[in-house]
Amino acid sequence: MEQETNGMELLLDSAETRELLEKTRPYMEMMMQYNAALREIRTKFEVLDDEFSVRYNRNPVETIKTRVKKPLSIHEKLRRKGLSMSVESIRSGITDVAGIRVICSFVEDIYALSDMLLQQDDLRLLRRKDYIAKPKENGYRSLHLIVEVPIFLTDRKEYIPVEVQLRTIAMDFWASLEHKLKYKKDIREAEAIAAELAICAEQVASLDLHMQQIHKRIEHEN
């Protein structure tokens, strides 16, 4: 009798598992596609960096970081937009589920890489926001692109949106510290620290420009 009960439980578990898999499959497939798009765009930047190395004997890319938003972050963004938690809402309502951050040596490298990336005819530019030319009020600087990247599946081609952020090492250092201030709770001197960070943002911009000028002088000597 006990064996029969265990068998029924296993059958029930199996049925529930299949039902759960069927419900989650569309979400899993979608996230697989976002990850595939990130691999595609990362490869594009790595190829450009390799070409720079061969042609100009230097690498404009310092580091590349990628991420896919976690379910909780996706849910929170959908909630703020007044959208339901569904694959359709995610696809239509969020363009930064997949993100790549490219850290460059100099500001001019940011614009050079951006131009070269957008010249590739398999990409579609959806949106461009230049927070370097026009920084945010808090001092944030970065170049943001939303591009659609083609991925080739077994039976079709899909265009998947990816958010691309390009910034210098100094900009990334500043943004990392500002992010901690923004999301850490109960900071007593939050306003004073934000004011100091705004000053630092101007110093970072000045430093980036100065370093670029020094770099050009060094290159000119060669």
- Evaluation steps, side chain to side chain contact (heavy atoms under 4.5 Å, CB included), between Leu113 and Met116: CA-CA 5 Å; Leu113 285 171; Met116 286 183 284; 4.1 Å; yes
- Closest heavy-atom pair and its distance - Val162, Ala37: CG2-CB, 3.8 Å
- Task: Determine whether Leu166 and Leu145 make a side-chain contact, defined as any pair of heavy atoms from C-beta on separated by less than 4.5 Å.
- Result: yes
- Single-linkage hydrophobic cluster Ile100~Met30, side-chain heavy atoms < 4.5 angstrom: yes
- Decide if atom CG of Asn57 counts as having more than 12 heavy atoms of other residues, nucleotides or ligands within a radius under 6.0 Å. no
- Message: Go through it in stages, so that I can follow the logic: the residues are Glu40 and Ile160, the test is side chain to side chain contact (heavy atoms under 4.5 Å, CB included), and I'd like the CA-CA distance, side-chain angles, deciding distance and then a yes or no.
- Response: CA-CA 10 Å; Glu40 292 285 344; Ile160 307 299; over 6 Å; no
- Query: With sequence neighbours left out, which residue pairs that include part of residues 79-108 fulfil the ring-ring contact (aromatic ring centres under 6.0 Å, His included) condition?
  - Reply: Phe106-His215
- Between Ser105 and Ile169, is any pair of side-chain heavy atoms under 4.5 Å apart? no
- Item | Validation row: Met32, Leu153 side chains within 4.5 angstrom (heavy atoms) | yes
- Query: Roughly how far, to the nearest 0.5 Å, is the NZ atom of Lys65 from the CD atom of Gln165?
  - Reply: 10.5 Å
- What is the minimum heavy-atom distance between Tyr27 and Pro71, and which atoms define it? OH-CG, 3.3 Å
- Can you list every pair that meets ring-ring contact (aromatic ring centres under 6.0 Å, His included) and has a residue in residues 83-102, with sequence neighbours left out? none
- Message: If hydrophobic clusters are built from ILVMFWY residues whose side chains come within less than 4.5 Å, do Tyr56 and Val107 share one?
- Response: yes
- I would like to know whether Met31 and Ile74 meet side chain to side chain contact (heavy atoms under 4.5 Å, CB included); could you show each step before the answer? CA-CA 12 Å; Met31 300 311 288; Ile74 293 173; 4.3 Å; yes
- Hey, is the main chain of Arg39 close enough, under 3.5 Å, to the side chain of Thr43 for a donor-acceptor pair? yes
- When you look at Asn138 and Leu197, which way does the side chain to side chain contact (heavy atoms under 4.5 Å, CB included) test go after all the steps? CA-CA 8 Å; Asn138 64 354; Leu197 278 171; over 6 Å; no
- For Thr95 and Pro161, indicate whether the former's side chain and the latter's backbone hold a donor-acceptor pair under 3.5 Å. no
- Say you draw a straight line from CZ of Arg79 to CG of Leu72; how long is it, rounded to the nearest 0.5 Å? 10.5 Å
- Note on the structure: Correct closest heavy-atom pair for Val204 and Ala170 would be CG1-CB, 3.6 Å
- Closest non-hydrogen atom pair, Gly139 against Trp174: C-CH2, 3.7 Å
- Are any of the side-chain heavy atoms of Glu163 and Ile41 separated by less than 4.5 Å? no
- Minimum heavy-atom distance Gly93-Leu83, with the two atoms named: CA-CD1, 3.9 Å
- Message: If hydrophobic clusters are built by linking Ile, Leu, Val, Met, Phe, Trp and Tyr wherever their side-chain heavy atoms come under 4.5 Å apart, do Val97 and Val87 end up in the same one?
- Response: yes
- With side chains defined as the heavy atoms from C-beta onward, is the minimum distance between Asp109 and Arg58 less than 4.5 Å? yes
- Query: For Tyr131, what residues pass the ring pair (Phe, Tyr, Trp, His ring centres under 6.0 Å) criterion, not counting sequence neighbours?
  - Reply: Tyr140, His144
- Message: Salt bridge check, Lys157 against Asp122: does any charged N sit closer than 4.0 Å to a carboxylate O?
- Response: no
- Which heavy-atom pair separates Glu158 from Arg156 by the least distance, and what is that distance? OE2-NE, 2.7 Å
- Given side chains that start at C-beta, do those of Asp96 and Lys77 come closer than 4.5 Å, heavy atoms only? yes
- Query: Would you say the side-chain atoms of Asp49 pair up with the backbone N or O of Val61, donor to acceptor, closer than 3.5 Å?
  - Reply: yes
- Close side-chain approach of Thr168 to Ile132, heavy-atom, < 4.5 Å: no
- Basic-acidic side-chain contact under 4.0 Å: Asp208, Arg141: no
- Item | Atom pair CD1/CG of Ile151 and Asn35 - distance to nearest 0.5 Å | 10.0 Å
- Say you draw a straight line from CG of Leu118 to CG of Leu125; how long is it, rounded to the nearest 0.5 Å? 5.5 Å
- Rounded to the nearest 0.5 Å, the CG atom of Leu38 sits from the CZ atom of Arg42 at a distance of 9.5 Å
- Is there side-chain contact between Tyr159 and Leu126, with at least one heavy-atom pair below 4.5 Å? no
- Message: With a 4.5 Å cut-off on side-chain heavy-atom distances among I, L, V, M, F, W and Y, is there a chain of contacts connecting Tyr111 to Ile146?
- Response: no
- Query: Taking 4.0 angstrom as the limit, do Glu108 and Lys216 come out as a salt bridge?
  - Reply: yes
- Message: Rounded to the nearest 0.5 Å, what separates atom NZ in Lys129 from atom NZ in Lys136?
- Response: 7.5 Å
- Query: Are Met211 and Leu143 connected in a single hydrophobic cluster, I mean Ile/Leu/Val/Met/Phe/Trp/Tyr linked by side-chain heavy atoms less than 4.5 Å apart?
  - Reply: no
